[in-house]
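For reference, the structure is listed below as structure tokens.
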Amino acid sequence: NELWQMDFKGEYLLREAGRCYPLSILDDHSRYAVGVFALARPSRQLVQPCVERCFETYGVPDAMLMDHGTPWWNSSNAHGLTRLSVSLIKQGVRLIFGSIAHPQTQGKVERFHRTMKQEMKHRGVPQNVEGIAQALSHFRQVYNEIRPHEALDMDVPSARYRPSSKAYDPNPPEWEYPEGADIRKVSPAGNLAYRGRQYYACKALGSEWVWCREVDNRLLVTYRHMYIREIDLDTGRTTAVVRPVSPSDV
């Protein structure tokens with residue numbers, strides 16, 4: 001539970017129901033599949049309940065590794081934060097995004113998907129979402145509890161995995177920033193007011209409180225445990241900072 005990987009396998013074209021997007025969430029160390037879901041589309045509305053179900057069942061990981069795909073990454077805001085990724089931050093999860101066009105970063109979940117594809121091809125791909133959901137449920141059970149894994153010395157993932165000690169909180173408390181910190185509220189449009197001007201912060205953080213610190217005429221913006229934005233107060237240019245860090249590291 002130090003790191004989970006989350007990714008879509010791709011898509012299946014179905015004769016009866018258009019498309020299906022299998023979503024996988026894998027524990028990096030044990031390779032245990034904490035969740036495999038058949039979704040009609042890769043949207044936050046469908047993905048977030050799946051993530052929360054995994055958190056309710058297995059607890060919350062320290063970090064989550066994802067690619068630059070929908071719905072956890074948003075290229076339009078120049079940083080990638082989406083409402084789904086913000087919800088992960090609220091649970092104390094550290095976000096890690098792999099390199100663009102470099103699937104090797106998520107090699108374990110990619111290998112998991114390769115095994116899934118082979119199994120589905122062998123048994124035949126169902127032609128509706130419900131059928132795929134049943135097939136994925138069976139595959140997950142076999143993968144976790146029956147199929148030996150060479151990287152685990154021929155053990156099975158369920159023998160190596162234990163739920164996280166960090167419980168899921170459906171109503172996470174407000175973040176306690178340091179005493180005396182300059183705390184400001186991001187507007188619903190994602191802007192931040194400072195020195196009488198409006199600067200873009202992040203739309204996904206609309207109506208959230210952030211910590212602002214001025215260093216060498218730059219404004220450093222932190223949301224909870226994540227440093228998210230650097231603003232040049234001379235030019236007004238805002239620069240996204242992709243790597244999450246704790247405030248003590250800045």
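Just so it is clear, the structure is predicted and the values come from calculations on it, not from any experiment.
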Dump the intermediate steps for side chain to side chain donor-acceptor pair (under 3.5 Å) on Q198 and N191, then the final yes or no. CA-CA 6 Å; Q198 294 286 329; N191 295 321; 4.6 Å; no
Using side-chain contact (heavy atoms from CB on, under 4.5 Å), reason through L3 and I96 one step at a time and then give a plain yes or no. CA-CA 9 Å; L3 177 68; I96 303 174; 4.1 Å; yes
Give the ring-plane orientation class for Y143 versus H149, where under 30° counts as parallel, over 60° as perpendicular and anything between as tilted. perpendicular
Pairwise side-chain contact, V93 with V60, heavy-atom cut-off 4.5 Å (strictly under): yes
Tell me the closest heavy-atom pair linking C202 and V186, and the distance in Å. O-CG1, 3.9 Å
Decide side chain to side chain donor-acceptor pair (under 3.5 Å) for Q48 and E52; before the verdict, give the C-alpha distance in whole Å, the side-chain angles of both, and the deciding distance to 0.1 Å. CA-CA 6 Å; Q48 189 153 340; E52 292 173 354; 3.3 Å; yes
Using the side-chain contact (heavy atoms from CB on, under 4.5 Å) definition, which of the options P61, C54, P163, S164 pairs with V34? C54
Heavy atoms, side chains only, cut-off 4.5 Å: are Q127 and Y12 in contact? no
If we ignore hydrogens and angles and just use 3.5 Å, is the side chain of S137 paired with the main-chain N or O of Q134 as donor and acceptor? no
Is it true that, when you exclude K117 itself, more than 12 heavy atoms of the residues, nucleotides or ligands shown sit nearer than 6.0 Å to its NZ? no
Between Y168 and Q91: side-chain donor-acceptor atoms closer than 3.5 Å: no
Starting at CZ of F37, measure out to SG of C50 and round the result to the nearest 0.5 Å. 4.5 Å
Determine whether W209 and L88 fall in the same hydrophobic cluster, where Ile, Leu, Val, Met, Phe, Trp and Tyr are linked whenever their side-chain heavy atoms lie under 4.5 Å apart. yes
Spacing of CH2 belonging to W4 relative to CD1 belonging to I25, to within rounding of 0.5 Å: 7.0 Å
Aromatic ring pairing F8/Y21, orientation class (parallel under 30°, perpendicular over 60°, tilted between): perpendicular
CD (Q118) with more than 12 external heavy atoms under 6.0 Å: yes
Between Y161 and Y58, ring centroids under 6.0 Å: yes
Flag the pair R184 and E208 as a salt bridge only when some basic side-chain nitrogen lies within less than 4.0 angstrom of an acidic carboxylate oxygen. no
Report, as yes or no, whether the 6.0 Å neighbourhood of atom CD on E56 holds more than 12 heavy atoms from other residues, nucleotides or ligands. yes
NZ/NE/NH1/NH2 to OD/OE distance under 4.0 Å, R195 and E214: yes
When rounded to the nearest 0.5 angstrom, what is the spacing between CG in L205 and CG in L192? 10.0 Å
Before you tell me yes or no, could you show the steps for R213 and T222 under side chain to side chain donor-acceptor pair (under 3.5 Å), namely the whole-Å CA-CA distance, both residues' side-chain angles and the distance that decides it to 0.1 Å? CA-CA 9 Å; R213 284 166 292 171; T222 300; 2.9 Å; yes
Stepwise, does the side-chain contact (heavy atoms from CB on, under 4.5 Å) test hold for I89 with Y223? CA-CA 9 Å; I89 295 173; Y223 175 65; 3.8 Å; yes
So CE of M226 and CZ of R229: to nearest 0.5 Å the spacing works out to 10.5 Å
For side-chain contact (heavy atoms from CB on, under 4.5 Å), just list the numbers for L136 and M116, CA-CA rounded to whole Å, side-chain angles, deciding distance to a tenth of an Å, and then say yes or no. CA-CA 8 Å; L136 292 180; M116 177 195 296; 3.7 Å; yes
Run R114 and E110 through salt bridge (Lys or Arg N to Asp or Glu O under 4.0 Å) and show every step you take. CA-CA 6 Å; R114 176 181 165 188; E110 291 288 342; over 6 Å; no
H113 to S24 - nearest heavy-atom pair and separation: NE2-OG, 2.8 Å
How close do R83 and A204 get, counting heavy atoms only, and between which atoms? NH1-O, 3.6 Å
Min side-chain heavy-atom separation V221-E230 under 4.5 Å: no
Which heavy atom of D169 sits nearest to which heavy atom of P173, and what is that distance? OD2-CD, 3.6 Å
Tell me if the aromatic rings of F112 and F139 count as close, with their centers under 6.0 Å from one another. yes
Might you work through the side chain to side chain donor-acceptor pair (under 3.5 Å) test for T115 and R111, ending with a clear yes or no? CA-CA 6 Å; T115 303; R111 183 62 181 85; 2.7 Å; yes
Verify same cluster id: V156, V109 (apolar side-chain graph, 4.5 Å): no
Measuring from I183:CD1 to C212:SG, what's the distance to the nearest 0.5 Å? 7.5 Å
For R218, is the CZ atom crowded, meaning more than 12 foreign heavy atoms sit under 6.0 Å from it? yes
Which atom pair, heavy atoms only, marks the closest approach of A135 to P126? CB-CG, 4.2 Å
Indicate yes or no: at least one non-hydrogen side-chain atom of K108 is less than 4.5 angstrom from one of R31. yes
Mind checking the CG-CG spacing from D216 to L233? Nearest 0.5 Å is all I need. 11.0 Å
Compare all side-chain heavy atoms of T57 with those of F55 and state whether any distance is below 4.5 angstrom. no
Heavy-atom closest pair (P157 atom, S30 atom, distance to 0.1 Å) is CB-O, 3.4 Å
Report yes or no: is the cationic atom of K203 (NZ for Lys, CZ for Arg) closer than 6.0 Å to the six-membered ring centre of Y200, at no more than 45° off its axis? no
Quick one: are V51 and M6 in side-chain contact, heavy atoms under 4.5 Å? yes
Run the side-chain contact (heavy atoms from CB on, under 4.5 Å) check on K166 and N1 step by step: do they pass? CA-CA 9 Å; K166 296 170 60 177; N1 301 302; over 6 Å; no
Close side-chain approach of D7 and D67, heavy atoms under 4.5 Å: yes
Below 4.5 Å, heavy atoms only, C-beta onward: do V210 and R224 meet side chain to side chain? no
With the threshold set at 4.0 Å, does a side-chain nitrogen-carboxylate oxygen contact exist between D155 and R160? yes
